[in-house]
Amino acid sequence: MALITSKEMFGKALKSDYAIGAFNVNNMEIVQGITRAAAAQRSSLILQASSGAIEYAGPRYLIHMLEAAMEETGIDICLHLDHGANFKICKECVDNGFTSVMFDGSKYTFEENISMTKEVVDYAHAHGVVVEAELGKLAGIEDAVKVSAADATFTVPEEAAEFVERTGVDSLAVAIGTSHGAYKFSGTPKLDLERLEKIHALIPDTPLVLHGASSVPQQFVKQCNDFGGQIPGAQGVPEEMIREAAKRGVCKVNVDTDIRMALTAEIRKYFAEHPEGFDPRKYLGPGRESIQVLVEHKIKDVMGSAGSID
Ligand code: G3H
Ligand code: 13P
Ligand code: ZN
């Protein structure tokens with residue numbers, strides 16, 4: 001088994017209108033829950049680490065955990081840097097064996113974003129690594145990139161086409177109304193699918209990426225709140241909208257918040273019911289299982305990537 005790039009998996013996804021889940025990882029239980037789910041569903045898989053995750057776990061630990069996961073499950077994995085803020089972190093990840101990196105230049109001007117992305121593309125491609133870039137701004141908190149709702153701007157289709165042409169980037173994250181975290185919409189959820197369609201029509205061969213794509217399952221919100229949490233009104237992207245996005249060129253769907261919620265809901269429940277408990281296996285174990293159930297559901301019923309490695 002090996003760490004692979006997303007090139008082939010995106011090619012297949014683009015042709016058949018499904019998407020690959022890109023799940024954020026921070027520790028062993030998260031890696032195990034996700035990889036066991038992908039193996040059970042015979043699905044292509046992207047695991048991504050933010051700079052915060054890399055700092056927390058250590059790049060070598062992350063890589064070795066993935067090696068163990070590939071050995072256990074028998075599947076290949078694409079290891080991706082999520083929201084790389086500069087050339088240095090992208091280069092470090094390329095040098096450490098990541099097979100895909102994101103350079104997030106969304107806070108810069110169009111021209112600055114192009115030249116900084118191009119620098120990353122040149123280095124990564126010379127080392128067999130693929131690159132994701134971002135055009136437009138999502139509201140919410142990204143690692144080292146904070147954007148207020150007022151500053152969020154949707155991707156302009158014509159700019160997306162020019163950006164891809166001039167940078168040679170392998171995939172493009174677009175802003176169409178999603179945002180990071182657990183509070184994505186204050187009213188009715190809405191994505192600009194028309195805009196997505198226009199972008200896809202102009203660059204039909206470029207895999208598009210949807211950040212901030214967690215659905216924030218209400219059973220997790222309830223379980224957290226029932227057992228001492230305080231996340232009232234948390235709301236994500238309805239699953240049906242993810243399916244619609246996958247029909248319009250979205251090949252990579254980023255999910256972090258849902259993984260965090262699945263784990264936290266189980267931990268909260270355990271401690272509320274067992275105030276005397278202190279064995280981490282007793283609460284991390286159910287958390288890991290809950291992550292696996294969640295990811296299998298996403299792969300099978302939302303992204304449509306089940307069976308994609310057969
Ligand atoms: O897009 C952001 C991801 O959810 C990563 O979050 O920077 O807290 O690891 P993090
Ligand atoms: P969520 O906060 O919706 O899980 O988004 C994660 C993400 O976009 C990681 O890059
Ligand atoms: Zn993101």
Side-chain angles (χ1 to χ4, degrees), residues 6 19-27 30-31 33-34 45-59 61-62 78-86 89-90 93 98 100-107 131-149 152 154-155 171-185 189-191 207-218 220-221 224 231 234-239 241-242 245 250-265 291 294-295 297-298 302-303:
S6 50
I20 314 290
F23 302 98
N24 285 72
V25 294
N26 293 279
N27 68 10
I30 294 176
V31 169
I34 299 166
L45 177 64
I46 300 170
L47 292 184
Q48 54 189 12
S50 65
S51 335
I54 293 170
E55 224 170 273
Y56 177 78
Y61 263 95
L62 279 173
C78 170
L79 175 56
H80 175 77
L81 164 68
D82 191 26
H83 293 288
N86 49 48
I89 175 91
C90 292
C93 286
F98 280 54
S100 175
V101 293
M102 174 191 193
F103 169 66
D104 182 354
S106 58
K107 68 174 179 186
V131 180
E132 171 186 326
E134 180 169 325
L135 193 60
K137 282 186 198 137
L138 270 72
I141 299 164
E142 301 176 356
D143 200 18
V145 185
K146 290 193 176 70
V147 184
S148 76
F154 287 1
T155 308
S171 60
L172 185 69
V174 293
I176 57 161
T178 59
S179 59
H180 292 100
Y183 296 90
K184 301 190 189 297
F185 306 98
K190 194 175 163 0
L191 295 190
L208 303 177
V209 180
L210 202 58
H211 282 249
S214 276
S215 294
V216 189
Q218 290 305 299
F220 296 151
V221 176
C224 283
I231 44 169
Q235 194 184 183
V237 182
E239 293 181 343
M241 287 189 187
I242 302 292
V250 167
C251 294
K252 176 172 177 274
V253 170
N254 284 12
V255 175
D256 187 0
T257 298
D258 287 353
I259 302 285
R260 297 175 176 196
M261 290 230 165
L263 182 60
T264 304
I291 290 171
L294 165 82
V295 173
H297 163 66
K298 283 190 181 286
V302 185
M303 322 261 184

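Predicted model, so just to flag it, every value in this text is computed and none were measured. Any value given below was found using the heavy atoms of this structure, including those in side chains, with hydrogens, waters and symmetry copies removed. One-based numbering, in listed order, for ligands and for the atoms of each.
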Student: Taking only heavy atoms of Asp82 into account, list the atoms of ligand 1 that are under 4.0 Å away from them.
Tutor: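 Here the atoms of ligand 1 in question are 1 (O), 3 (C).
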Student: Between the Zn ion (ligand 3) and His211, which N, O or S atom of the residue is the nearest one?
Tutor: ND1
Student: So does Pro238 get a backbone contact from the side chain of Ser215, meaning a donor-acceptor N/O pair under 3.5 Å?
Tutor: no
Student: Would you please determine whether Lys184 falls within less than 4.0 Å of ligand 2 on a heavy-atom basis?
Tutor: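 Yes, Lys184 has heavy atoms under 4.0 Å from ligand 2.
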Student: Using heavy atoms and a threshold below 4.0 Å, how should the contact between Thr257 and ligand 2 be classified: side chain, backbone, both, or neither?
Tutor: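 For Thr257, backbone and side-chain atoms both sit under 4.0 Å from ligand 2.
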Student: Going by the order shown, which atoms of ligand 2 are within less than 4.0 Å of some heavy atom of Val255?
Tutor: 4 (O)
Student: Considering only heavy atoms, which of Ile54, Asp256, Asn254 lies nearest to atom 3 (C) of ligand 1?
Tutor: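 Looking at heavy atoms only, Asp256 sits closest to atom 3 (C) of ligand 1.
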Student: Does the N or O separation between Asn24 and ligand 2 drop below 3.5 Å for any pair?
Tutor: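 Checking ligand 2 against Asn24, no N or O pair falls under 3.5 Å apart.
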Student: Measuring only between side-chain heavy atoms, which start at C-beta, is Leu45 closer than 4.5 Å to Ile34?
Tutor: yes
Student: Is the shortest heavy-atom distance from the side chain of Ser50 to the side chain of His83 under 4.5 Å?
Tutor: no
Student: At under 4.0 Å between heavy atoms, is it the side chain or the backbone of Ser50 that contacts ligand 2, or both, or neither?
Tutor: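 For Ser50, there is no contact with ligand 2 at all, from either part.
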Student: Do Asn24 and Gln48 touch side chain to side chain, with heavy atoms closer than 4.5 Å?
Tutor: yes
Student: Could you tell me, atom by atom, which parts of ligand 1 come under 4.0 Å of a heavy atom of Asn24?
Tutor: 3 (C), 5 (C)
Student: Going by the order shown, which atoms of ligand 2 are within less than 4.0 Å of some heavy atom of His83?
Tutor: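 Counting from 1, the qualifying ligand atoms are 10 (O).
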Student: For the residue pair Glu134 and Thr155, establish whether any side-chain heavy-atom pair is separated by less than 4.5 Å.
Tutor: no
Student: Between Ala213 and ligand 2, is there a nitrogen or oxygen pair with a distance under 3.5 Å?
Tutor: yes
Student: Is any side-chain heavy atom of Val101 less than 4.5 Å from a side-chain heavy atom of Glu132?
Tutor: no
Student: Do ligand 2 and Asp258 have nitrogen or oxygen atoms that lie under 3.5 Å from each other?
Tutor: no
Student: If I consider every N, O or S atom in His83, which one ends up closest to the Zn ion (ligand 3)? I only need its name.
Tutor: NE2
Student: Quick one: look at Thr178 and ligand 2, take heavy-atom pairs under 4.0 Å, and tell me if it's side chain, backbone, both or neither.
Tutor: neither
Student: Find out whether His80 and Leu47 are in side-chain contact, i.e. whether some heavy atom of one side chain is under 4.5 Å from a heavy atom of the other.
Tutor: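 A side-chain contact is absent here, since even the closest heavy-atom pair is not under 4.5 Å.
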Student: Counting heavy atoms only, which of Met102, His211, Glu55, His180 is nearest atom 2 (C) of ligand 1?
Tutor: His180
Student: Yes or no on side-chain contact (heavy atoms from CB on, under 4.5 Å) for Tyr183 and Val216, after CA distance, side-chain angles and deciding distance?
Tutor: CA-CA 9 Å; Tyr183 296 90; Val216 189; over 6 Å; no
Student: How far is atom 9 (C) of ligand 2 from the closest protein heavy atom, and which atom is that?
Tutor: Asp82 OD2, 3.1 Å
Student: What I'd like to find out is whether the side chain of Asn254 reaches to under 4.5 Å of the side chain of Phe23, using heavy atoms alone.
Tutor: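 SC-SC contact between Asn254 and Phe23 ruled out.
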Student: Does Asp82 reach the side chain of His211, with side-chain heavy atoms less than 4.5 Å apart?
Tutor: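 A side-chain contact under 4.5 Å exists here.
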Student: Within a distance under 4.0 Å of any heavy atom of Ser214, pick out the atoms of ligand 2 and give their elements.
Tutor: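 Those of ligand 2 that fall under 4.0 Å from Ser214 are 1 (P), 3 (O), 4 (O).
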Student: List for me each residue that meets side-chain contact (heavy atoms from CB on, under 4.5 Å) alongside Pro217, sequence neighbours excluded, and say none if there are none.
Tutor: Gln219, Phe220, Asp258, Leu294
Student: Show which atoms of ligand 2 fall inside a sub-4.0 Å distance from at least one heavy-atom site of His211.
Tutor: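 In order of numbering, the contacting atoms are 8 (O), 10 (O).
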Student: Specify the protein heavy atom at minimum distance from atom 7 (C) of ligand 2: its residue, its atom name, and the distance to 0.1 Å.
Tutor: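 So the nearest neighbour among protein heavy atoms is His180 CD2, 3.3 Å.
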Student: Not counting sequence neighbours, which residues clear side-chain contact (heavy atoms from CB on, under 4.5 Å) with Glu55? List them please.
Tutor: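 Listed in chain order: nothing, the list is empty.
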Student: Show me which atoms of ligand 1 lie under 4.0 Å from any heavy atom of Ser50.
Tutor: 5 (C), 7 (O), 9 (O), 10 (P)
